[in-house]
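Throughout, a chain's letter reflects where its sequence line sits, starting with A, and its residues are numbered from 1. Scope of the values below: all heavy atoms of this structure, side chains included, with no hydrogens, waters or symmetry mates.
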Protein chains: 2
Amino acid sequence: MSQIRHSAKLRHGVPVPIYYQLQELILKDIENGNLLPGAMIPTEQQLVKSYGVSIGTVKKAILNLVNQGYLYRIQGKGTFVTGTTLRRESLRYYRLLDDFDGQESNLAVKPIGIRKVPGFVPANRFLQIRSDQPLFELKRIFLMDGTPAVFSISYLPQNLFKKLSDYPSIEFEKKPLYATIEEKYGIPTINNLELIRACFPDTEAAGVLGIPMSLPVLYLEMLAFTYRRRPYEYRRAYCITSAKKIFREY
Amino acid sequence: MSQIRHSAKLRHGVPVPIYYQLQELILKDIENGNLLPGAMIPTEQQLVKSYGVSIGTVKKAILNLVNQGYLYRIQGKGTFVTGTTLRRESLRYYRLLDDFDGQESNLAVKPIGIRKVPGFVPANRFLQIRSDQPLFELKRIFLMDGTPAVFSISYLPQNLFKKLSDYPSIEFEKKPLYATIEEKYGIPTINNLELIRACFPDTEAAGVLGIPMSLPVLYLEMLAFTYRRRPYEYRRAYCITSAKKIFREY
DNA sequence: GCTCATTTGTTCGTATGTATC
DNA sequence: TGATACATACGAACAAATGAG
């Protein structure tokens, strides 16, 4: 029960609005794990009492966090912590379409190996960890209508995901990687960054995708971030685009 | 002076909240051009009087439109209509970086021709106009540090941009296309859609970019939308990515 | 199916502070 | 400095959705 008197934490008479201070306090509880994705935060009335502010101020703080995507509310139920904002992996870059108004194809994921590898440049630099820190390497194939379309190699810091290699790989077929990471390790994906280029596949990618090395492919490098812009995954992917195309909206 | 009694336009006792109805009325004025980008909308008090609602309701309607990017407010001055939300063309797809944390390179635009062309498939279908409607074709080169990096071909409906070919092409060098379109035609760019693939350049693209036809390039197709998801530009672009890479964040 | 306590959603309004010109 | 406009903080009253009993 959070009936504690937190009022001391809010400072009046400073140029920072009360609602903003409250907002940041709630956000901090989300980021440090006191409030996990899916958890219900205190009700408006509880916040009114424990912080000694008016209902309007509480509403403003909460609605701001809702607009920022950290919380969602259900009338009659409560206010809850949002999980990963990238709801479908397909919206990240695996939505392959023939056309602007085309339909999304049937997509399946096939893991083809997970192992521990030594850290290397540039992965460890992108992940902001020491270059001698080991990594998990996860290789996967994305199949469109049964045909290999994307060959993806993910690198994750071992210290963040200690039990990942013991994790049954069947799980990776059922759901996107970010969903597994959020559920098992409490790391929600907030945003990501991509580098895109056109090139020829290397020997391994050509073999896995079943294409000649003379066929141009999209080469994507991706960094996935959690709260406070902390990177947790570095990914390389080779995408066949000769028939289908990569789609993106923003 | 907008001291008209608009109150009749707001219906009470319906399941649609008052603030939302007001919000939509303001939005409609923006979309149909009654309120142009940069224009100041009526003050809170004027809206309170003319619509007969409380200050809180007015604030909620306006703040929603601010959150959605249609309006911005300056304390002490007023509330204004936002223009194009894509502030820098470089954020769309021309931000070429060597690395995730690299710096943006010096980018210049060089128009190499504008002309009238007959409509064609798929451009006219994407632009949602009849296939016999003519188009403007605008060809441009994007130079990075003086070196050609992107060859871009834009198609615009002639009926929307009647005077575009008379427009001094020097203007296109100074500012992004979307800025010109907003300023001269009052069409703000709200969002866009892209298709991306890797392929070889055609003869023209290879010539313009000064690369061999055997070098893989990114081939982008883009649709730019204004209010209500109305498409106004269809663009094709060839991007050299052998040295630099395409960057994107979202 | 209904009632009731809980929780959020909407609408109202006042008072005061702060920024702009 | 004054008038104007937005920002903050307060809080009341009622509506609507949820879930438990």
Applying ring-ring contact (aromatic ring centres under 6.0 Å, His included), name anything that partners A/Tyr19, two or more places apart in sequence or on another chain. none
Mind checking what makes ring-ring contact (aromatic ring centres under 6.0 Å, His included) contact with B/Tyr20, not counting sequence neighbours?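 In terms of ring-ring contact (aromatic ring centres under 6.0 Å, His included), with neighbours along the sequence ignored, B/Tyr20 is linked to no residue.
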Write down the distance between [atom1] ([X]) and [atom2] ([N]), rounded to a whole number of angstrom.
X	N	atom1	atom2	result
A/Arg11	D/dT8	CZ	C1'	17 Å
B/His12	C/dT11	NE2	P	8 Å
B/Lys49	D/dA5	NZ	C1'	12 Å
B/Phe80	C/dC21	CZ	C1'	12 Å
A/Leu10	D/dT8	CG	C1'	14 Å
A/Gln23	D/dT8	CD	C1'	13 Å
B/Ile55	C/dG13	CD1	C1'	10 Å
B/Lys59	C/dG9	NZ	C1'	19 Å

Taking side chain to side chain donor-acceptor pair (under 3.5 Å) as the test, write out the residues that go with A/Ser154, two or more places apart. A/Glu233, A/Arg235
Kindly write out the residues that satisfy side chain to side chain donor-acceptor pair (under 3.5 Å) with B/Thr43, not counting sequence neighbours, or none if the list is empty. none
Starting the side chain at C-beta, find the nucleotide from C/dC12, D/dC10, C/dT10 nearest to B/Lys60.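 My answer, after comparing the listed nucleotides, is C/dT10.
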Picking from C/dT14, C/dC12, D/dC6, the nucleotide nearest the side-chain atoms of B/Val53 would be C/dC12
Kindly give the heavy-atom pair with the smallest separation between B/Leu127 and B/Tyr155, and that separation in Å. CD1-O, 3.9 Å
Identify each atom pair where a protein N or O and an N or O of nucleotides 4-7 of chain C are less than 3.5 Å apart, giving names and distance.
unit_1, atom_1, unit_2, atom_2, d
C/dT7, O2, A/Gly76, N, 3.1

With distance as the sole test, does A/Gln128 use its side chain to make a donor-acceptor pair with the main-chain N or O of A/Pro231 at under 3.5 Å?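 Between the backbone of A/Pro231 and the side chain of A/Gln128 there is no qualifying donor-acceptor contact (under 3.5 Å).
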Does B/Thr57 make a side-chain N or O approach to OP1 or OP2 of C/dT10 shorter than 4.0 Å?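 No, outside the criterion.
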If the condition is salt bridge (charged side-chain N to carboxylate O under 4.0 Å, His left out), which residues does B/Lys59 pass it with, not counting sequence neighbours?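 Salt bridge (charged side-chain N to carboxylate O under 4.0 Å, His left out) check on B/Lys59 returns B/Glu44.
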